[in-house]
Enquirer: 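Below is a structure I'd like to ask you about.
Reckoned from all heavy atoms, side chains included, excluding hydrogens, waters and symmetry mates. If you're wondering where the values come from, they're calculated on a predicted model, not measured in any experiment.
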Amino acid sequence: MTLFDSPAFEGHEGVHAFSDKKTGLKAIIAVHSTARGPAAGGCRMWPYASAELALEDALRLSRAMSYKNAMADLELGGGKAVIIGDSRTQKSPALFEAFGRAVDAVGGRYWTAEDVGVSPADLMHARKQTRYVAGLTGHPAASGDPSPVTAEGVFRGIQLCVRRAYNRELDGVTVAIQGVGHVGAYLADKLHAAGAKLVVTDVSEEALREVAERTGAKVVAPGAIFDVEAEVFAPCALGGAVSAETLPRLQGKVIAGGANNQLADPAIGRAVFERGILYAPDYVINGGGIINVASELRARQTGGAYDAAWVETKLSRLMETLDEVLERSASENRPTHEIAGAIAEARINAARDAKAEQRKAA
Ligand code: NAD
């Protein structure tokens, strides 16, 4: 299949491929949209089995960033970078400097940040070659770990869903959390403080022990989390938690968590809806993290500092958008992920049309 036949390429403004013999860099930067502002999205380092698989991932992830940034009402478009390689054995300062040069070559249409396999320390090397890097540490604009803000958004989103599905507050409600890493652990603390009962799982014994000690959560094996009697299932581990295999096992009426790509495939979103389960679209409820990163980008562009009040305003607005998605899903009798997709596309298209009008007028 050529690039132009790939359904994932559709709608992309551009795809840039880079290779650097000296450092071994093989990277793809996909820019889905700059209609709302410069494309922003992290850089993932992964040992893809082929360049085609790396390309597919970059395209899928860059589109998802456009949608996430639009739903968070950020003046940012969507893009993503992937580096083909094993992050445990193939990293070097020179490789990330070469990646920095690649980012710079895109001329500010793409801002990078960390993602799977890439750390702030790696980005410091990229920063030597380009200014278009967010997620660094040690300067006034630095936004730090995004997980607490992500978890706060997920917590408020669960509150909204439980009010709609059960007409009650969180006190006494049982939440099953899959994955108590950065986001899941902060979320567990917030839910515990609100009086929710917790059932948690993780593949890391250490992460589980700490959370269970702090919150009194009941611990179950990873495979058993889908069968827990809980009003809410909160996926906070990796993607694909909601599948044809797991959906029939869920006991509650709400799916709301921090993980990306929770639906194993788009068709399962309709099955979730038809089972009467309220699903908070992942890229809406987990948008707190990108809002936090956007605050850094904004401060870097203006020479200002990280602004916690701006982050809170955006997070509150995001929760209003989530509520709008849930409301429209009920009134239009359509799955939430379809409603969210339609809102995101309308926002991106409106920005693109406004830009085209401006160009015509100039
Ligand atoms: P993390 O790596 O800190 O935590 C993930 C946890 O899931 C780990 O403790 C891991 O051991 C556990 N896990 C992995 N496989 C599992 C399995 N099969 N069953 C149970 N537990 C399993 O990552 P994180 O930063 O907390 O992110 C969690 C999810 O949220 C990811 O999907 C990420 O893409 C998404 N997300 C994170 C942020 C953020 O601000 N960190 C923002 C948006 C979305």
Enquirer: Quick check on side chain to side chain contact (heavy atoms under 4.5 Å, CB included): which of Ile29, Val82, Ile83 does Cys43 satisfy it with?
Expert: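 By the side chain to side chain contact (heavy atoms under 4.5 Å, CB included) criterion, Cys43 pairs with just one of Ile29, Val82, Ile83: Ile83.
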
Enquirer: Only counting residues at least two apart or in another chain, list the ones meeting salt bridge (charged side-chain N to carboxylate O under 4.0 Å, His left out) with Lys26.
Expert: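 So Lys26 forms no salt bridge (charged side-chain N to carboxylate O under 4.0 Å, His left out) with any residue.
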
Enquirer: Below 30° counts as parallel, above 60° as perpendicular, anything between as tilted: where do the rings of Phe99 and Phe96 land?
Expert: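 Perpendicular, since the angle between the ring planes exceeds 60°.
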
Enquirer: Between Glu114 and Pro120, which heavy-atom pair has the shortest distance, and what is it?
Expert: OE2-CG, 3.4 Å

Enquirer: Can the ring centres of Tyr132 and Tyr110 be said to be less than 6.0 Å apart?
Expert: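 No, they do not, as the ring centres are separated by 6.0 Å or more.
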
Enquirer: With a 6.0 Å cut-off (strictly less than), is the heavy-atom count around NE2 of His16, excluding the residue itself, greater than 12?
Expert: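 Yes - once you tally the heavy atoms of other residues, nucleotides and ligands closer than 6.0 Å, there are more than 12.
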
Enquirer: Considering residues at least two apart in sequence or located in another chain, which fulfil the salt bridge (charged side-chain N to carboxylate O under 4.0 Å, His left out) criterion with Arg359?
Expert: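 Result, salt bridge (charged side-chain N to carboxylate O under 4.0 Å, His left out) vs Arg359: none returned.
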
Enquirer: If we count only N and O atoms by modelled type, under 3.5 Å, do the side chains of Glu320 and Ser316 hold a donor and an acceptor together?
Expert: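 Side-chain D/A pair, Glu320 to Ser316: absent.
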
Enquirer: Decide whether Gln251 and Glu229 meet the rule of one side-chain donor and one side-chain acceptor closer than 3.5 Å.
Expert: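 No.
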
Enquirer: Under the side-chain contact (heavy atoms from CB on, under 4.5 Å) rule, collect the residues that match up with Pro148, sequence neighbours excluded.
Expert: Asp145, Tyr186

Enquirer: Compare all side-chain heavy atoms of Ser243 with those of Asp265 and state whether any distance is below 4.5 angstrom.
Expert: no

Enquirer: Say whether, by atom type as modelled, one donor and one acceptor occur between the side chain of Tyr67 and the main chain of Ile348 under 3.5 angstrom.
Expert: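 No, Tyr67 side chain to Ile348 backbone: no donor-acceptor pair under 3.5 Å.
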
Enquirer: Write down the atom of Ala134, the atom of Val293, and the distance for their closest heavy-atom approach.
Expert: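 So the two residues come closest at CB-CG1, 4.0 Å.
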
Enquirer: So, for Phe273 and Tyr279, is the gap between ring centers shorter than 6.0 Å?
Expert: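 Ring-ring flag for Phe273/Tyr279: false, centres at least 6.0 Å apart.
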
Enquirer: How about Ile177 and Leu191: do any of their side-chain heavy atoms sit closer than 4.5 Å?
Expert: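 Touching, per the 4.5 Å side-chain cut-off.
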
Enquirer: Side chains of Ser295 and Asn292 only: does a donor on one sit below 3.5 Å from an acceptor on the other?
Expert: no

Enquirer: Under the 3.5 angstrom rule, does the side chain of Glu13 hit a backbone N or O of Thr34 as a donor-acceptor pair?
Expert: yes

Enquirer: Taking all non-hydrogen atoms of both residues, which atom of Ala256 and which atom of Val232 are closest, and how far apart?
Expert: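 Shortest heavy-atom separation between Ala256 and Val232 comes out as O-CG1, 4.3 Å.
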
